[in-house]
S.K.: 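If you scroll down you'll find the structure; I have some questions about it.
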Amino acid sequence: MTMEKTFDAAEAEPRLYARWEREGCFRAGANARPGAEPYAIMIPPPNVTGSLHMGHALNNTLQDILIRRKRMQGFDVLWQPGQDHAGIATQMVVERALAQAGEPGRREMGREAFVERVWRQKDSSGDTIINQLKRLGASCDWSRNAFTLGRTDEDQMSRAVIRVFKQLYDEGLIYRGKRLVNWDPHFETAISDLEVENVEVEGHMWHFKYPLAGGETYDYVEKDADGNVTLRETRDYIAIATTRPETMLGDGAVAVHPSDERYAAIVGKLCEIPVGPKEHRRLIPIITDEYPDPAFGSGAVKITGAHDFNDYGVAKRGGIPCFRLMDTKAAMRADGAPYAEEVAKAKAIREGGAASEAEIDAINLVPDEYRGLDRFDCRKRVVAAITGEGLAVTGPDGAPLVENKPIMQPFGDRSKVVIEPMLTDQWFVDAATLAKPALAAVRDGRTTFHPENWSKTYFQWLENIEPWCISRQLWWGHRVPVYYGPERDGENFGFSLNSSLDAVQFKLKLFCAETEAEAIEQAKAYYGSEWQIKINRSDDKRIGISLPEDRSRNTITIARDPDVLDTWFSSALWPFSTLGWPDETPELNRYYPTSVLSTGFDIIFFWVARMMMMGLHFQKDVPFSDVYIHALVRDEQGRKMSKSLGNVIDPITLIDQYGADAVRMTLAAMASMGRDLKLDVSRVEGYRNFSTKLWNAARFCEMNGCALVPGFDPKSPREPVNRWIVGETARLREAMDAAIDAYRFNDAANAAYAHVWGVLCDWYVECAKPLLQGDDGPAKEETRATAAWALDQALILLHPIMPFVTEELYGALAPRERLLVHADWPTWTAADLADAEADADMGWAIAAIEATRSARAEMNVNPGAQIPLVAVGADAATAARLARVGPLLARLARLSSIEHADAAPKGAVTLAVQGATLCLPLAGVIDIAAEGARLEKALGKLDKERAGLEAKLANPAFVEKAKPEVVEKERARLAALAEEAGKLAAAQARLAELA
RNA sequence: GGGCGCGUAGCUCAGUGGGAGAGCACUACGUUGACAUCGUAGGGGUCGCUGGUUCAAUCCCAGCCGCGCCCA
């Protein structure tokens, strides 16, 4: 068969991948040796609706390199694939699709129908990313593909989540509470603080006067740093600064720092919020708290506990009520009683009336005229009203003081809308408790980060961890396994009518249960066997008590919590849920803890830390021993690639264009640790060329009858070239292993590149040609066998990085029992195979050839011309060496003859090499001036280097203090330089005679 | 404000306490039977700046300048 001139990646890649899959090459344990150690990697599950981006391509290439090599080494390998249900992202995709198609929205559809619709979406698009990973060559065990969400609660992946929730709930590590959370008004759900992006935007700082109650006044005094009074005036107000005037409506207090003398006189007094109908203006107290910064703004801060995280802290400390102003869409509330009535309630509370959180939450302090407005529209109205009333602080020019300044504003990372801190009932994980073992595991080295630096990020976050809000007001996800019923106190219930869970004002009894049956059991145990327990599955979530006339079938209706769990809650279980937990499976026993987790740094908080917490808590062991943090693929300006920026390079497009091997090689070569990766497409092209180079080396072998010899012993060759390539191959194997073991993928890629192109396809093939095409039968056979072996070894070593082209060539090179994907990874060492004499011969030959070629080019010798070479003053060793490598020299330097002489011929170009002076007699051809210039230049370079070395060696401090081997090395270098310079100087002298 | 990182050839990037590297681009030459997705030869860098440690600094330390990211 004759090979094509290039590798047809588009044709071969799908064919090869299909064959690997068909033959089960990627199955867990495939190619494992008897008694093999396990080696497992859990893929970071991509979003099920997602598509492959460069980050995925990089990460999965690196994982595949790790996995393929281990598999070839005979480990019991598992690469566990799967996808993430991606709660918000997926729900967003479907809602958008519904809107575009003009179909009813999710609320019109109802929960059940909507979730069914999302499943259809998942089923239709879920394979996209899988197929893209296959295009990349990822050798995952697809038969084990996992998904973070089950169709039903009985599905194993869902059982895992529910079991974890229940256990943590029973242990008191999960709890429900009304807290300030990040609220996404677009998706109308809580999100975790990690899903919030703080972005600096153009903002305004308004300054308003809060008049003191009853027209009171005080002396306001400002002093400079030395205590000199700079301002003294009588004021009847306290000035506050705010970037969010609409939240003034919910203020509960004004706070000043306890050390702030300017306001000491009015602490404890009341001031008036300067907005809303005049007759109903609310009064709020002036309190002290450590939070306000006296140096910032006026030093006084308005406290809106329900809409600001800092204020929330102040309110909690100071017993200040938190009034919620907005609804789930972040529009100003329109519920409740008329403003006047609501203000009266708030006043009663301020004056000492006790009120529950729920009662306070029910109060709507939005004036009637602002109700239902969007928060930003309301802001404009509030500003206009206050300014119109003359209560804005004025600047030196008499105009209202409005500072334009950049402010940090929180945005939802998915929705891109401004996040509203909102007081809501949510579920939380006591992350601080779970974090302790997770911190310890990294501190004591049970899990190590690569590069190690990232452990700092991990520590920093876990040491300051906040409670993790895990509930989401979404429908796509694991539903919280908690059921609510009315609380019972003896014979009395907290209420007597059916009521919706949404607006519940009474105490609830919670039943956390893994199944509905278990929930009913718990409820029966709680309420008594005389009650029928019914679970309400409808959307309106009514719970309560039904008492028929005859009181014969008294029924209590309980309802399941409508919220779902944060997707990361299920992702945190990935290292063991994918292995079958909570069932006890052989895989769980075998592969947990896994070997490596490879991921981006941006996900250390989201995922790595949480897997550590959950793994340690539920499996009593770390989920992985190594965490490799790969670089982030950025655009040419160093920005993250993102759809909204339009700076995305699609890996599939690159694969179409250059082949998967080229893309993988590029990513591996650029994946140096600890640095971001800016992708340059020209590199991909270069590695495609590399693949072609390899292809053509194989073609060369084929054309020259280089067939693999069964049982070939790499120690058997006699020819220097063959002995040399065998040693080089062993060195490559060592370099590759060392690099991959250390996660230095770029070193591995570069070593392979340099070997294949720079050594195998260059010097070796060129040097093999004279032997392959010569008359020496045994040498020819030896070279054929060695060439085939060297290529074969290169294919094996390159396979983890470039699986397709290597597999194709491996099959073409010889009939095989096994595919390359299951070939034995070599264990040769350089100590086994390298031969010092052969290495020295080849090093000398290469230097001589390069020197000759260089001189020829500079002398403008016709590239095709054959010229003689005369070796002058060769010592015995060099003469012997020249005899061994002479044919190579002749061929590669295009020499007509090689002769020895005692003296240099006249009019020759002189080359200084170790152990001899090589002369190219070019009488008639030689340009004396040009050769003079060439020697001059070479000598100049040598002299410069010599001068430096001599100065160094003349320095007694160097000779005394530097390591002896360094001194020795420098001396040897100087001697070599001197020898070379001597030869060149002699040549110069000869040239001078000629002139 | 805290933390991490970067600044090396025109571009994209490796690298190391002791002789500055790769790919691409560039220049000249070359169709020698594996490969023009190639070959040969070559040009190109005060390794951001300033100090310090050291016999020796592109590398270690400090400061500065410029840039990026994360967290508050």
Side-chain angles (χ1 to χ4, degrees), chain A residues 3-7 193-194 197-198 309-310 408 451 453-454 456-457 459-461 464 601-602 604-605 631-632 634 636-640 658-659 662 665-666 669-704 706 744 746-747 749-750 753-754 757-758 761-762 765-766 768-769 772-773 787 791 849-850 852-864 866 891-894 945 948-949 951-963 965-967 969-970 972-974 976-977:
Chain A
M3 291 172 65
E4 296 295 321
K5 278 180 98 171
T6 56
F7 174 57
D193 44 5
L194 292 176
E197 286 172 357
N198 290 298
F309 284 96
N310 289 313
M408 290 301 275
N453 251 353
W454 288 111
K456 278 192 192 170
T457 304
F459 289 141
Q460 201 182 328
W461 187 65
N464 300 297
F601 74 86
D602 50 338
I604 291 175
F605 306 139
L632 212 61
R634 296 180 182 278
E636 64 282 358
Q637 289 165 53
R639 299 174 305 184
K640 270 169 128 167
Y658 300 107
M665 186 74 179
T666 307
M670 297 183 76
S672 62
M673 264 206 277
R675 186 163 163 159
D676 289 342
L677 184 158
K678 282 192 252 174
L679 192 71
D680 181 357
V681 177
S682 72
R683 291 287 292 265
V684 187
E685 190 185 346
Y687 289 115
R688 188 274 320 269
N689 296 352
F690 173 71
S691 160
T692 306
K693 190 76 186 173
L694 180 67
W695 181 265
N696 277 290
R699 203 161 153 250
F700 171 83
C701 283
E702 193 209 27
M703 291 167 121
N704 285 280
C706 303
R744 300 178 65 94
N746 59 316
D747 285 353
N750 290 332
Y753 185 96
W757 200 319
C761 295
D762 188 346
V765 163
E766 291 306 323
K769 278 178 185 171
L772 290 169
Q773 293 155 12
L791 175 64
I849 292 164
E850 285 187 330
T852 309
R853 283 173 172 173
S854 184
R856 290 175 59 119
E858 280 184 71
M859 291 299 110
N860 290 314
V861 176
N862 183 332
Q866 306 252 341
R891 169 82 174 236
L892 300 189
R894 300 194 71 75
E945 217 176 321
L949 270 176
K952 198 175 198 178
L953 285 162
N955 180 356
F958 171 70
V959 181
E960 277 168 33
K961 297 193 181 179
K963 281 176 283 192
E965 60 266 32
V966 171
V967 177
K969 194 178 152 203
E970 300 292 62
R973 245 181 82 213
L974 182 60
L977 286 177

S.K.: Output the single nucleotide from G30(B), C4(B), A34(B) whose closest atom is nearest the side chain of Met703(A).
M.R.: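 In terms of side-chain proximity for Met703(A), the closest of G30(B), C4(B), A34(B) is A34(B).
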
S.K.: Between the protein and nucleotides 18-23 of chain B, list the N/O to N/O atom pairs that are separated by less than 3.5 angstrom.
M.R.:
unit_1, atom_1, unit_2, atom_2, d
G18(B), O2', Glu970(A), OE2, 3.2
G19(B), OP1, Arg973(A), NH1, 3.3
G19(B), O2', Glu945(A), OE2, 3.2
G19(B), N3, Arg973(A), NE, 3.2

S.K.: Using the C1' atoms only, state how far U58(B) lies from G17(B), rounded to an integer number of Å.
M.R.: 10 Å

S.K.: What's the gap between C61(B) and C67(B) when it is taken at their P atoms, as a whole Å value?
M.R.: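 My reading of the P atoms in C61(B) and C67(B) gives 23 Å.
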
S.K.: Please step through side chain to side chain contact (heavy atoms under 4.5 Å, CB included) for the pair Trp757(A) and Phe690(A), ending with a clear verdict.
M.R.: CA-CA 7 Å; Trp757(A) 200 319; Phe690(A) 173 71; 3.6 Å; yes

S.K.: Output one line per pair: protein atom, nucleotide atom from nucleotides 39-46 of chain B, and distance, for all N/O pairs under 3.5 Å.
M.R.:
unit_1, atom_1, unit_2, atom_2, d
G39(B), OP1, Lys693(A), NZ, 3.2
G39(B), OP1, Trp757(A), NE1, 2.5
A41(B), O3', Ser854(A), OG, 3.4
G42(B), OP1, Ser854(A), OG, 2.9

S.K.: Under 4.0 Å, counting only non-hydrogen atoms across every strand here, what does Val765(A) touch: a base, just sugar-phosphate, or nothing?
M.R.: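 Counting heavy atoms under 4.0 Å across all strands, the contact made by Val765(A) includes a base.
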
S.K.: In whole Å, what separates the C1' atom of G15(B) from that of G30(B)?
M.R.: 33 Å

S.K.: Please find the pair of heavy atoms, one from Leu953(A) and one from Val959(A), that lie closest to each other, and give the distance.
M.R.: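 Between these two residues, the closest heavy atoms are O-CG2, 3.3 Å.
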
S.K.: Taking the P atom of each, how far is A20(B) from G48(B), in whole Å?
M.R.: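 A20(B) and G48(B) have their P atoms separated by 16 Å.
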
S.K.: Using a 4.5 Å cut-off on heavy atoms from C-beta on, say whether the side chain of Glu685(A) contacts that of Val681(A).
M.R.: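 Not in contact.
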
S.K.: If pairs are Watson-Crick or G-U with both distances under 3.5 Å, what is the dot-bracket string of RNA chain B, marking crossing pairs with [ ] and pairs to another strand with |?
M.R.: (((((((..((((....[..)))).(((((.......))))).....(((((..]....)))))))))))).

S.K.: Determine the contact category for Glu965(A): base if any of its heavy atoms lies under 4.0 Å from a base atom, sugar-phosphate if only primed atoms, P, OP1 or OP2 are that close, otherwise nothing.
M.R.: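 No contact.
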
S.K.: Roughly, in whole Å, what's the span from CG in Asp747(A) to C1' in U16(B)?
M.R.: 12 Å

S.K.: Give me the distance, rounded to whole Å, that separates U31(B) from A36(B) when you measure between the P atoms they each carry.
M.R.: 14 Å

S.K.: In whole Å, what is the span from the CH2 atom of Trp461(A) to the P atom of C71(B)?
M.R.: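 Whole-Å distance recorded here is 11 Å.
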
